[in-house]
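Heads up: the structure comes next, in structure tokens.
What you see is a predicted model; the values in this text were computed from it and never measured. So that the names make sense, note that chain A is the first sequence line, chain B the second, and so on, each numbered from 1.
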Amino acid sequence: MTPERRSFTLDSTLETVDNAEQAASEIAAENGFGEEEVLQIAMAVREAAVNAVLHGNAYDPAKKVSLDFERTAGDLVITIRDQGKGLDPAKIPDPLAPENLLKTSGRGIFLIRSFMDDVQINPSTAGTEIKLIKHVHGPAADGKEASQ
Amino acid sequence: MTLKTSTRQVDGVNIVDCSGRITLGEGSVILRDIVKDLLSKGQKKILLNLGDVNYIDSSGIGELVSAYTTVRNQGGELKLLNLTKKVHDLLQITKLYTVFDVKDDEAGAVKAFR
């Protein structure tokens with residue numbers, strides 16, 4: 001049976017990034033996503049975890065990253081929260097702009113948006129919450145067929 | 001699996017065979033150090049064989065861009081060889097596929113260096 005919700009509290013370390021990616025890969029597979037989608041979801045979670053650990057919590061051992069997976073009727077909803085200063089989505093440069101193409105960073109959020117169906121970024125003074133949503137195609141957690 | 005590399009030379013071109021993952025942390029650092037080491041020895045023709053690289057994240061993409069610009073700024077050339085579908089697709093969506101000189105045949109890639 002697929003659990004409807006799973007939560008993790010993680011340290012602000014590089015290991016967290018790998019663990020978050022691994023958890024996402026397993027949970028996405030359990031929820032019936034195909035190989036390609038599992039890879040996309042895992043990569044989106046990895047990128048969000050990198051942002052939380054590096055840019056949000058800045059490796060501060062006192063700060064944690066929370067990771068929640070929730071299976072709703074139609075979606076897999078993944079929420080990642082850090083305890084940093086808060087990311088302003090309006091200030092994220094477009095990595096596809098010609099002047100940014102050769103920059104060595106700044107592609108994480110773009111990749112997340114490319115791989116997920118919906119991405120919501122909610123910054124606050126307590127940190128940043130990023131919600132990653134992927135529509136499910138198989139039977140939902142409540143046994144009903146999900147809409148596509 | 002982190003990044004593993006070995007370097008060989010063919011007709012003056014340094015071919016770096018890479019396998020594993022190029023991701024934030026060790027994988028990116030390994031790639032950076034190899035390119036830095038080759039440049040420090042005056043080796044400015046570098047062909048990164050990514051045929052066995054099964055995963056790359058945004059930090060790894062950034063590291064490829066950094067390697068490309070660093071080599072180019074020193075008057076050298078860096079090309080990519082044998083992209084897996086995953087890496088190919090990532091370079092496509094980030095619009096970097098046309099920035100890099102990407103080859104799928106080693107002999108042809110070696111000849112393409114000036």
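- Cluster membership check: B/L38 does not share its hydrophobic cluster with B/V10, using side-chain heavy-atom separations under 4.5 Å among Ile, Leu, Val, Met, Phe, Trp and Tyr.
- Looking at A/L111, the atoms closer than 4.5 Å to chain B (heavy atoms on both sides) all sit in the side chain, from C-beta outward.
- The hydrophobic clustering, which links ILVMFWY residues whose side-chain heavy atoms are closer than 4.5 Å, places B/F100 and B/V16 together.
- Using non-hydrogen atoms only and a strict 4.5 Å limit, no part of residues 39-46 of chain B faces chain A.
- Both the backbone and the side chain of A/L102 have a heavy atom closer than 4.5 Å to some heavy atom of chain B.
- Residues B/V13 and B/L48 fall into different hydrophobic clusters, defined by Ile, Leu, Val, Met, Phe, Trp and Tyr side chains chained together at heavy-atom separations under 4.5 Å.
- When the side chains of ILVMFWY residues are joined at heavy-atom separations under 4.5 Å, either directly or via intervening members, A/I92 and A/V119 end up in a single hydrophobic cluster.
- Considering every non-hydrogen atom in both A/F115 and B/L90, the closest pair reads CZ-CD2, 3.8 Å.
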Which side chain or backbone donor-acceptor pairs connect chain B with chain A at less than 3.5 Å?
unit_1: B/R21; atom_1: NH1; unit_2: A/E21; atom_2: OE2; d: 3.3
unit_1: B/R21; atom_1: NH2; unit_2: A/E21; atom_2: OE1; d: 2.8
unit_1: B/R21; atom_1: NH2; unit_2: A/E21; atom_2: OE2; d: 3.4
unit_1: B/Y55; atom_1: OH; unit_2: A/E21; atom_2: OE2; d: 3.4
unit_1: B/D57; atom_1: OD2; unit_2: A/R46; atom_2: NE; d: 2.9
unit_1: B/D57; atom_1: OD2; unit_2: A/R46; atom_2: NH2; d: 3.4
unit_1: B/S58; atom_1: N; unit_2: A/E47; atom_2: OE2; d: 2.7
unit_1: B/S58; atom_1: OG; unit_2: A/E47; atom_2: OE1; d: 2.5
unit_1: B/S58; atom_1: OG; unit_2: A/E47; atom_2: OE2; d: 3.3

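- Residues A/F33 and A/M116 fall within the same hydrophobic cluster, defined by Ile, Leu, Val, Met, Phe, Trp and Tyr side chains chained together at heavy-atom separations under 4.5 Å.
- Here the CG-CG distance, from A/L101 to B/L96, works out to 6.0 Å after rounding to the nearest 0.5 Å.
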